[in-house]
Number of protein chains: 2
Amino acid sequence: MANINDVSRLAKVSKATVSRVLSGSRGVKEESRLAVMQAVETLQYKPSVIAQSLSTQSTGCIGVICATENINQSTGYLHALEKELRLNQKYLLLRFATDAASLTHSVDEIGRGLCDAMIVIGARFALPKLPENVITIDCLDADSERSIHFDRSFAAETACQYVLKQGRRQIALINPESQEAAGQILQGYHLALEKFLLPYDRRLVHSGAQALTQLLAQNVPFNALLVPDDATAQDALRQLMQHGRSVPENVMVFSLGSTLPPGGSAVPAIAYPLETLAQRAMALLAGQFSAGLSAPVRGQLSLPS
Amino acid sequence: MANINDVSRLAKVSKATVSRVLSGSRGVKEESRLAVMQAVETLQYKPSVIAQSLSTQSTGCIGVICATENINQSTGYLHALEKELRLNQKYLLLRFATDAASLTHSVDEIGRGLCDAMIVIGARFALPKLPENVITIDCLDADSERSIHFDRSFAAETACQYVLKQGRRQIALINPESQEAAGQILQGYHLALEKFLLPYDRRLVHSGAQALTQLLAQNVPFNALLVPDDATAQDALRQLMQHGRSVPENVMVFSLGSTLPPGGSAVPAIAYPLETLAQRAMALLAGQFSAGLSAPVRGQLSLPS
DNA sequence: CTGTTAGCGCTTTCAA
DNA sequence: TTGAAAGCGCTAACAG
């Protein structure tokens, strides 16, 4: 593989000039520029990213660490982030983490010069203290400047309004186990009920792995079911079918947090546009902590196609 | 961040000795070794991966390029590969590719010294010519030494036998669009039918996006439906439901290529154990092209939990 | 506008 | 068993 010396020799200029041509190339005589381009072409020269990294002390690698809990959600994020990173000439280094310990481990392993910065996605465990160059998306952490959070209260309220408008007034809710998120969702849920002057029936609200089973056991009628994410929605669909409840005729299932492409969800959902999230992540990585970026993201109502 | 010079100074030995201690460390006096370890500890020294890479001409990065076509399948692969790579002290650089052109682009972009080798997954388009350091998993390429293929004929045959044993003799088949895979599947399908002395009814076999619609339109009865992968299975489930066909009572849906964790599939399936695939990939990357590694991989029957 | 030169942080001969 | 020194391939300050 040809290196910068080969090019400089062939083009009869110095390494420095070659370097100048290849990066921004300004203040280089057209003649030399052409000579360099020519040489680059004939030698099929590609600068070594590693050497550049060592020299500039920056690799262009962004570590993306996905919590394995929502592993199904991760594909959407990864695809969107990879696209956005590529647009910014950056590389995506992938890791998975199951808990705080493995997160910490990954963070300081890939932080050893390999990655310029990191993005942690979807962690439902308490986060360890993270370095400055780490941002989080949809994680359980105190509102930090370097985080992207979802407005779950808004999601729940919007969802309720939607199903209510469909004439469904008995709205069951499966809440996530995370206290933080569950609290927000409950808040939006209450808000919507109040607006419609509907009473709150605690028997309609459950959480945890057995939530749906418990709900069905209550024997309280419901014609709408709010669930935290797409995976839970899928699961609910299956279970409801097995119990002879048709969807959506009998029960309308609604996902409060979809990170699938528009129309990708099998049920109505509040969807978080991945492209927007990815762009916002880039902005945070670039250190732009403006006001708009710190507000929680509001999803959009998305109906199945 | 402390560097090797700081360590060598504090430990009162040369850089060379520090380097020796940190790698294999043999032929180093115990005394010096301890001094180095001590210094490393107090300085919290972590060697720079980049500098090591430049020096050794190898980065430990493996590029993983997923075809976006089966993007849903990719999570399973990614998780398994990341785990295996981490065990081998390697990093996973992620890319997605939509077609041959973008694949080529990625390959030579991350091949510029950033990645030691690459893995291409699930491409359904004709592959471009790939460098020696690229292996493929479940891609459309001629049997190369550097590929992992699935034994789809075996999968189809096994699937047929399974549903036949369940007393279902009218087996419909949705074939993938890829000629290669479709041919293999058809072969296994025929084989099984012959064994059971059943006639082949071409009206039960369809492919393409409208396959299921066409099948249903035929109005030929069927009580089992073989589909190429989990995504198609999901889709089929939904469509069948909408047509009032209950699953599995009325129609048993069977996925011929599941890359989900065991029991993760909602329907019976031939599953390809991801861990095994990942290990096989590692072996190929390590240049072990032994006989066993070139045979197509046979999946295992996996029933929903 | 261009070349020289000194790093970036580590590995690896080669002598001692 | 150790240290000095020569790279790995590139960037950037500095001088011209």
Side-chain angles (χ1 to χ4, degrees), chain A residues 1-40 43-61 89 91 108-116, chain B residues 1-40 43-61 89 91 108-116:
Chain A
M1 191 75 157
N3 67 22
I4 201 174
N5 289 304
D6 302 327
V7 176
S8 81
R9 207 173 306 131
L10 182 55
K12 300 192 200 312
V13 297
S14 70
K15 293 198 303 181
T17 298
V18 174
S19 182
R20 286 185 190 109
V21 170
L22 267 45
S23 59
S25 57
R26 55 141 176 232
V28 178
K29 208 199 301 174
E30 185 62 10
E31 189 183 323
S32 333
R33 208 183 65 78
L34 288 177
V36 170
M37 297 303 265
Q38 181 61 251
V40 164
L43 293 177
Q44 283 288 314
Y45 167 69
K46 314 274 184 222
S48 152
V49 189
I50 294 299
Q52 285 177 318
S53 300
L54 181 57
S55 191
T56 60
Q57 300 291 326
S58 129
T59 62
C61 268
Q89 320 253 44
Y91 302 102
D108 54 56
E109 185 169 344
I110 66 184
R112 277 168 37 188
L114 224 198
C115 291
D116 294 338
Chain B
M1 191 79 156
N3 66 23
I4 200 175
N5 288 305
D6 302 327
V7 177
S8 81
R9 207 173 307 133
L10 182 55
K12 299 192 199 311
V13 296
S14 70
K15 294 197 301 181
T17 298
V18 175
S19 180
R20 288 186 188 107
V21 171
L22 267 43
S23 58
S25 58
R26 57 151 176 214
V28 178
K29 207 197 303 173
E30 185 62 10
E31 190 183 324
S32 335
R33 209 184 63 79
L34 289 177
V36 169
M37 298 302 265
Q38 181 60 249
V40 163
L43 292 177
Q44 282 290 312
Y45 168 69
K46 314 274 184 222
S48 152
V49 190
I50 295 298
Q52 285 177 316
S53 301
L54 182 57
S55 192
T56 61
Q57 300 291 338
S58 126
T59 62
C61 267
Q89 319 252 46
Y91 302 101
D108 53 58
E109 186 169 341
I110 66 184
R112 279 167 38 185
L114 225 197
C115 291
D116 294 338

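Per chain, numbering begins at 1; letters A, B, ... match sequence-line order.
- Two residues are said to be in side-chain contact when any heavy atoms from C-beta on lie closer than 4.5 Å; T17(A) and R20(A) meet this criterion.
- Listed candidates were dT1(D), dG9(C), dT2(C). Nearest to the side chain of V28(A) is dT2(C).
- Residues satisfying the side chain to side chain contact (heavy atoms under 4.5 Å, CB included) test with M1(A), not counting sequence neighbours, are K46(A).
- Across every non-hydrogen atom of V13(A) and V36(A), the tightest pair is CG2-CG2, 3.8 Å.
- I50(B) places its CD1 atom 18 Å from the P atom of dC8(D), with the value rounded to the nearest Å.
- Picking from dT2(C), dT1(D), dC8(C) the nucleotide with the shortest atom distance to the side chain of K29(B) gives dT1(D).
- Residues V40(A) and V21(A) have side chains not in contact (no heavy-atom distance under 4.5 Å, counting atoms from C-beta outward).
- Contact between the side-chain N/O atoms of S14(B) and the OP1/OP2 oxygens of dA4(D) is not found at any separation under 4.0 Å.
- Looking at P47(A) and R112(B), their side chains come closer than 4.5 Å, going by heavy atoms from C-beta outward.
- Atom CD of Q89(B) has 12 or fewer heavy atoms from other residues, nucleotides or ligands within 6.0 Å.
- In this structure, CG of L43(A) is placed 15 Å from C1' of dG9(D), rounded to the nearest angstrom.
- Put simply, CE on M1(A) is 15 Å from P on dC8(D), counting in whole angstrom units.
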Contact list (N/O, under 3.5 angstrom) for nucleotides 11-15 of chain D vs protein:
unit_1, atom_1, unit_2, atom_2, d
dT11(D), OP1, Q52(A), NE2, 2.9
dT11(D), OP2, S19(A), OG, 2.6
dT11(D), O4', S55(A), OG, 2.5

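- Between R9(A) atom CZ and dG9(D) atom C1' the separation is 13 Å, expressed in whole Å.
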